[in-house]
**Student:** 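Okay, here's the structure, questions in a sec.
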Amino acid sequence: MTLNYSDEVKRLAHEILMEAGKPYTEEQMKEIPRILNVKARYFWGNDLNDYDVLRDVFTEEGEHGFRTFWNGNPGSASIEAQIGSVKFTIGQGDMVPMHFGHNQIVRFIDDTHAQLLTRMNDYHTYTDNGENYSGFGMYVDDLLKCKDGVWRIETLRLDYGVLINSLRCMRKKEN
């Protein structure tokens, strides 16, 4: 199934891409690996069903608290709701989830705010019969450098462009 990217994610991706050619400051260069590390930890936390890691990559310190958007639609409005969503979709122990992030670009808003554009692919295999579910799309995340000096995700936006098959839990929900 193919889906359209939301207008908001396309707009944000365009803004990030237009600024991508501008040089970073020395201080920003030091922060980029820390920001990329947040997204890597997010993917690993999902794949290992490590909810402590997921709790640590998200923050509610920002102006709007923590929130998610899926193809332009509001999703989880708290960290615990997001973890509940992960448990429901890929945390039931009946699959091997795998998430990959590519072509990442960081845009700094100021010293404590940044956005991260990430091309993504997820590939999940069910352990009982090898059935697969896969998706391709992009993230545009808002990140905040928190009071403890650690970058965390404040707003998570994922827009899928292509879905191949569907998650079992979603098929059950549709019936």
**Student:** Regarding Thr127 and Asp94, is there a side-chain donor-to-acceptor distance under 3.5 Å anywhere?
**Tutor:**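 No, no side-chain donor-acceptor pair sits under 3.5 Å.
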**Student:** When rounded to the nearest 0.5 angstrom, what distance separates CD1 in Ile35 from CD in Gln28?
**Tutor:**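 The CD atom of Gln28 is 8.5 Å from CD1 of Ile35, to the nearest 0.5 Å.
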**Student:** Taking the side chain as every heavy atom from C-beta outward, state whether Ser78 and Glu60 have any pair of such atoms under 4.5 Å apart.
**Tutor:**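 Side chain of Ser78 against side chain of Glu60, heavy atoms only: contact under 4.5 Å found.
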**Student:** Give, for atom CG of Asp142 and atom CG of Leu12, the distance between the pair rounded to the nearest 0.5 Å.
**Tutor:**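 Between Asp142 CG and Leu12 CG, I get 7.0 Å after rounding to 0.5 Å.
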**Student:** Decide whether Trp44 and Ile153 are clustered together by the hydrophobic rule: side chain heavy atoms of Ile, Leu, Val, Met, Phe, Trp, Tyr closer than 4.5 Å, transitively.
**Tutor:**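 Different hydrophobic clusters.
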**Student:** Below 30° counts as parallel, above 60° as perpendicular, anything between as tilted: where do the rings of Trp151 and Phe108 land?
**Tutor:**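 Perpendicular, since the angle between the ring planes exceeds 60°.
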**Student:** Out of curiosity, does Leu17 fall in the hydrophobic cluster containing Val140 (side-chain heavy atoms, cut-off under 4.5 Å, transitive links)?
**Tutor:**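 Same hydrophobic cluster.
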**Student:** Got Leu116 and Lys39 here, is their nearest side-chain heavy-atom distance under 4.5 Å?
**Tutor:**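 Of all side-chain heavy-atom pairs linking Lys39 with Leu116, at least one is under 4.5 Å.
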**Student:** Identify whether Val106 and Leu144 are in the same connected component of the hydrophobic contact network (ILVMFWY, side-chain heavy atoms under 4.5 Å).
**Tutor:**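 Different hydrophobic clusters.
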**Student:** Could you check whether any side-chain N or O of Asp141 sits under 3.5 Å from a backbone N or O of Leu143, counting only pairs where one atom can act as donor and the other as acceptor?
**Tutor:**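 Not confirmed, Asp141 side chain does not pair with Leu143 backbone.
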**Student:** Under a single-linkage definition using a 4.5 Å side-chain heavy-atom cutoff for Ile, Leu, Val, Met, Phe, Trp and Tyr, are Phe136 and Phe43 assigned to the same hydrophobic cluster?
**Tutor:**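 No; Phe43 is not reachable from Phe136 via cluster members.
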**Student:** Would you call Asp56 and Arg41 a salt bridge, taking side-chain N to carboxylate O under 4.0 Å as the test?
**Tutor:**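 Arg41 and Asp56: salt-bridged.
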**Student:** Evaluate the criterion side-chain contact (heavy atoms from CB on, under 4.5 Å) for residue pair Leu54 and Asn46; output intermediate values, then yes/no.
**Tutor:** CA-CA 7 Å; Leu54 287 178; Asn46 277 293; 4.0 Å; yes
**Student:** What distance do Met95 atom CE and Asn49 atom CG have between them, rounded to the nearest 0.5 Å?
**Tutor:**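 Separation between the atoms: 9.5 Å.
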**Student:** Would you check, one step at a time, whether the test side-chain contact (heavy atoms from CB on, under 4.5 Å) holds for Asn121 with Ser134?
**Tutor:** CA-CA 7 Å; Asn121 170 233; Ser134 188; 3.4 Å; yes
**Student:** Is atom CG of Asn132 surrounded by more than 12 heavy atoms (other residues, nucleotides or ligands) closer than 6.0 Å?
**Tutor:**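 Count over threshold, so yes.
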**Student:** Does some side-chain heavy atom of Arg55 sit less than 4.5 Å from a side-chain heavy atom of Ile79?
**Tutor:**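 Ile79 vs Arg55: side chains touch.
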**Student:** Check this for me: Phe69, atom CZ, are more than 12 non-hydrogen atoms of other residues, nucleotides or ligands nearer than 6.0 Å?
**Tutor:**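 Yes, the 6.0 Å shell around CZ holds more than 12 heavy atoms from other groups.
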**Student:** Same cluster or not: Trp70 versus Val9, using hydrophobic residues (I, L, V, M, F, W, Y) connected whenever any side-chain heavy atoms lie under 4.5 Å apart?
**Tutor:**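 Yes, Trp70 and Val9 fall within the same hydrophobic cluster.
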**Student:** Does any part of the side chain of Tyr51, heavy atoms only, come nearer than 4.5 Å to the side chain of Val86, both counted from C-beta?
**Tutor:**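 Answer yes - side chains close enough.
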**Student:** Please report the C-alpha distance between Phe100 and Met120 in whole Å, then the side-chain angles of each, then the deciding distance to 0.1 Å, and finally whether the side-chain contact (heavy atoms from CB on, under 4.5 Å) criterion is met.
**Tutor:** CA-CA 6 Å; Phe100 306 94; Met120 66 76 64; over 6 Å; no
**Student:** Quick check with a 6.0 Å cut-off and a 45 degree axis cone: is Arg157 positioned over the face of Tyr139's six-membered ring?
**Tutor:**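 Relative to the ring axis of Tyr139, which defines the angle, Arg157 lies outside at least one limit.
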**Student:** Within the structure provided, determine whether Leu167 and His124 are in side-chain contact (heavy-atom separation under 4.5 Å).
**Tutor:**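 Yes, at least one pair of side-chain atoms sits under 4.5 Å.
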**Student:** Could you state the interatomic distance from CG (Leu163) to CE (Met170), rounded to the nearest 0.5 Å?
**Tutor:**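 One gets 10.0 Å once the value is rounded to the nearest 0.5 Å.
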**Student:** Which pair of non-hydrogen atoms, one from Arg152 and one from Cys146, has the smallest distance, and what is that distance?
**Tutor:**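 Scanning both residues completely, I find the closest heavy atoms to be NH1-CB, 3.5 Å.
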**Student:** Check whether the side chains of Glu154 and Thr59 place a donor and an acceptor atom closer than 3.5 Å, and report yes or no.
**Tutor:**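 Their side chains do not contain a donor-acceptor pair, so the 3.5 Å distance test is not met.
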**Student:** Evaluate His64 against Thr155 for side-chain contact (heavy atoms from CB on, under 4.5 Å), listing each step before the verdict.
**Tutor:** CA-CA 9 Å; His64 303 288; Thr155 302; 5.7 Å; no
**Student:** What's the separation between atom CZ in Phe58 and atom OH in Tyr42, rounded to the nearest 0.5 Å?
**Tutor:**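 Going from CZ on Phe58 over to OH on Tyr42, the span is 5.5 Å.
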**Student:** When rounded to the nearest 0.5 angstrom, what is the spacing between CD1 in Ile90 and CE in Met98?
**Tutor:**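 If I round to the nearest 0.5 Å, the distance is 12.0 Å.
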**Student:** Within the 3.5 Å criterion, strictly below it, is a donor on Asn71 or Tyr160 matched to an acceptor on the partner's side chain?
**Tutor:**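 Distance-only check fails for Asn71 and Tyr160.
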**Student:** I'd like to know if Arg168 pairs up with Asp128 as an ion pair, taking the criterion as any Lys NZ or Arg NE/NH1/NH2 lying under 4.0 Å from an Asp or Glu carboxylate oxygen.
**Tutor:**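 Salt bridge present between Arg168 and Asp128.
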**Student:** Spell out, as yes or no, whether a donor-acceptor pair under 3.5 Å connects the side chain of Thr68 to the backbone of Ser76.
**Tutor:**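 Answer holds: yes.
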**Student:** So, His99 versus Asp47: side-chain donor-acceptor pair below 3.5 Å or not?
**Tutor:**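 His99 vs Asp47: donor-acceptor pair found between side chains.
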**Student:** Check the surroundings of atom CG in Asn37: do more than 12 heavy atoms from other residues, nucleotides or ligands lie under 6.0 Å from it?
**Tutor:**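 Yes - once you tally the heavy atoms of other residues, nucleotides and ligands closer than 6.0 Å, there are more than 12.
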**Student:** Backbone N or O of Lys147 within a donor-acceptor pair of the Glu61 side chain at under 3.5 Å?
**Tutor:**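 Between the backbone of Lys147 and the side chain of Glu61 there is a qualifying donor-acceptor contact (under 3.5 Å).
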**Student:** Just to verify, which of Glu31, Lys30, Met29 counts as forming a side-chain contact (heavy atoms from CB on, under 4.5 Å) with Tyr24?
**Tutor:**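 Of the listed residues Glu31, Lys30, Met29, the side-chain contact (heavy atoms from CB on, under 4.5 Å) partner of Tyr24 is Met29.
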**Student:** Please name the pair of heavy atoms, one in Ala13 and one in Met138, separated by the smallest distance, quoted to 0.1 Å.
**Tutor:**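 Closest pair (atom of Ala13, atom of Met138, distance): CB-SD, 4.1 Å.
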**Student:** I'd like to know if the side chain of Asp122 and the backbone of Gly135 have a donor-acceptor N/O pair within less than 3.5 Å.
**Tutor:**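 At least one qualifying donor-acceptor pair exists.
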